[in-house]
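For reference, the structure is listed below as structure tokens.
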Amino acid sequence: MRKIRTNVINPIDQDRAEFLPDHVLIWSSDRITALRPFDPRLDADAEDKHESLCLPGFIDLHVHLSQYRVRGLWEPDLLRWLDKFIFPEEARSHRPEYAKEVTRDFFHALFKAGTTTSVIYTAAYQHACETAFEAARQLGARALIGMTMMDANCPADLRQSADSALGESIRLFETHCNSKHMLKYIFTPRFALSCSPELMRKTGDFIRANNAWLQTHLSENPEEINEVQKLFPGKTYTEVYAELGLLSERTILAHAVHLSEYEIGLIATSGSSVAHCPDSNFFLKSGEFPYRDIADKGVKIGIGSDLAAGSTLNMLHHAKMANYRQSTYPLSPERLLWHITLGNARILQLDERIGSLDTGKDADLVFLNTPKDTLWNRDILSRLIFCPEEFPVVETVIAGKTVFSVGS
Ligand code: GUN
Ligand code: ZN
């Protein structure tokens with residue numbers, strides 16, 4: 001059991017958040033059992049974090065574990081960047097020892113950034129994906145994890161056959177399908193350029209028959225889209241995925257920067273979600289995400305770091321970038337906080353358990369230090385979103401267990 005005196009910011013819905021100064025938060029085992037104003041008569045025994053801020057743990061909807069060591073390497077063009085830095089680095093995870101080291105560094109950095117749930121791509125090797133599951137289980141992470149599938153247009157050392165990519169993915173799915181809420185498998189065909197129609201069709205058949213999760217990249221960059229049109233003449237990028245059966249309510253499409261109205265409509269009808277990765281989109285000069293057009297059509301939008309094209313695992317940074325990278329459409333601090341907590345939880349169909357600090361939910365949360373001149377009023381949320389470096393993480397808790405704490 002933990003009982004802590006602190007200040008809470010809690011998302012309520014996409015346009016509202018509450019600031020709860022000087023409260024007591026209690027959890028027992030993995031669940032929150034109380035959140036109420038501090039009462040000196042009842043709460044003399046509470047741990048004192050009354051100068052900290054407590055928020056629900058952050059949720060990263062799109063991140064590449066096996067790229068952790070090549071973040072920030074400049075090459076402002078997606079396909080060249082993949083060839084120059086990403087494919088060679090992912091191929092290094094062929095060595096089990098290397099995969100283990102990258103995995104350990106990744107989870108340590110993830111928890112240090114206050115992220116409690118993440119949707120992860122690993123390299124195209126079954127052992128690298130198993131290593132990620134093993135580490136996530138041992139360290140106590142909550143995650144959806146998938147082995148990247150590639151059977152076309154990629155270096156030989158990363159290329160799988162359609163049968164082995166699908167067969168290994170199904171084995172991973174079956175091995176990990178019983179872990180309930182903490183860990184799940186997510187099918188991960190990289191994108192239309194590196195997966196054959198046969199692999200995508202069979203994967204689509206499997207996910208629909210088994211109600212499984214799937215993630216891929218969609219319409220990130222003009223040159224990529226041109227290449228897709230050469231491989232699939234007469235079809236838009238979204239139609240390629242729709243016709244091969246990849247779009248469902250458990251599908252997460254990263255980027256979706258360049259879409260026609262018709263394509264946005266297809267995504268809306270399918271119930272699939274979009275992982276917006278603003279930092280990545282401007283690093284690779286992919287373009288400006290049409291937030292308003294996509295939101296107006298009722299498509300669920302979440303936010304991802306997309307490390308290594310995104311520079312950091314800090315989701316507060318990506319929330320800020322989501323605002324900065326709309327040239328005319330303003331996104332409020334309440335909306336941005338909601339995206340990286342409850343909104344992303346809703347996309348993952350986990351909003352009954354995580355995403356906000358409510359009695360009965362799982363204790364997934366983060367404590368942040370506050371600057372000396374903190375605004376102890378509702379404006380604190382705006383300061384937090386736009387000056388995130390002033391609020392370093394001091395403790396991260398997942399399902400009631402501390403996974404990161406400063407000084408330990
Ligand atoms: N498209 C296909 N693979 C990738 C990747 O690893 N990162 C990004 N940003 N886009 C991709
Ligand atoms: Zn990505």
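Just so it is clear, the values below take in all heavy atoms, side chains as well, and ignore hydrogens, waters and symmetry mates. Counting starts at 1 for both ligands and their atoms, in listed order.
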- Query: ring-ring contact (aromatic ring centres under 6.0 Å, His included) with His50: which residues, sequence neighbours excluded?
  - Reply: none
- Message: Between Glu395 and Thr402, is the side chain to side chain donor-acceptor pair (under 3.5 Å) condition met? List the steps.
- Response: CA-CA 7 Å; Glu395 185 174 351; Thr402 297; 2.7 Å; yes
- Item | His62/His217 aromatic ring centres below 6.0 Å | yes
- atom 3 (N) of ligand 1: of Glu89, Glu90, Arg190, the nearest heavy atom sits on Arg190
- Is there a heavy atom in Tyr121 that sits closer than 4.0 Å to ligand 1? no
- Message: Please determine whether a side-chain nitrogen of the Lys or Arg among Asp83 and Arg80 lies less than 4.0 Å from a carboxylate oxygen of the Asp or Glu.
- Response: no
- Message: Between ligand 1 and Trp81, is the shortest N or O to N or O distance under 3.5 Å?
- Response: no
- Message: In this structure, is the centre-to-centre distance between the rings of Phe133 and His176 below 6.0 Å?
- Response: yes
- Taking His64 as the fixed residue, which of Tyr121, Phe87, Phe106 is the one that meets the ring-ring contact (aromatic ring centres under 6.0 Å, His included) rule? Tyr121
- Identified ring-ring contact (aromatic ring centres under 6.0 Å, His included) counterpart of Phe289 within the set His258, His318, His276: His276
- Query: Around atom NE2 of His127, are there more than 12 heavy atoms of other residues, nucleotides or ligands at under 6.0 Å?
  - Reply: yes
- Query: Of all the atoms in ligand 1, which lie at a distance below 4.0 Å from a heavy atom belonging to Leu78?
  - Reply: 8 (C), 10 (N), 11 (C)
- Query: When you look at Phe58 and His317, which way does the ring-ring contact (aromatic ring centres under 6.0 Å, His included) test go after all the steps?
  - Reply: CA-CA 11 Å; Phe58 304 128; His317 168 83; over 10 Å; no
- Proximal atoms of ligand 1 relative to Phe191 (non-hydrogen, under 4.0 Å): 1 (N), 2 (C)
- Answer side chain, backbone, both or neither: which part of Leu193 comes under 4.0 Å from ligand 1, heavy atoms only. neither
- Atoms in ligand 1 flagged as close to Leu82, the criterion being non-hydrogen separation under 4.0 Å: 3 (N), 4 (C), 5 (C), 6 (O)
- Message: Distances under 2.8 Å only: what protein N/O/S atoms are near the Zn ion (ligand 2), ordered by chain and residue?
- Response: His62 NE2, His64 NE2, His217 NE2, Asp306 OD1
- Task: For atom 11 (C) of ligand 1, state which one of Glu220, His64, His255, Gln67 supplies the nearest heavy atom.
- Result: Glu220
- Query: Has Arg71 got its NZ or CZ under 6.0 Å from the middle of the six-membered ring of Tyr68, at an angle within 45 degrees of the ring axis?
  - Reply: yes
- The atoms of ligand 1 lying under 4.0 Å from a heavy atom of Asp306, numbered in the order shown, are 8 (C), 9 (N)
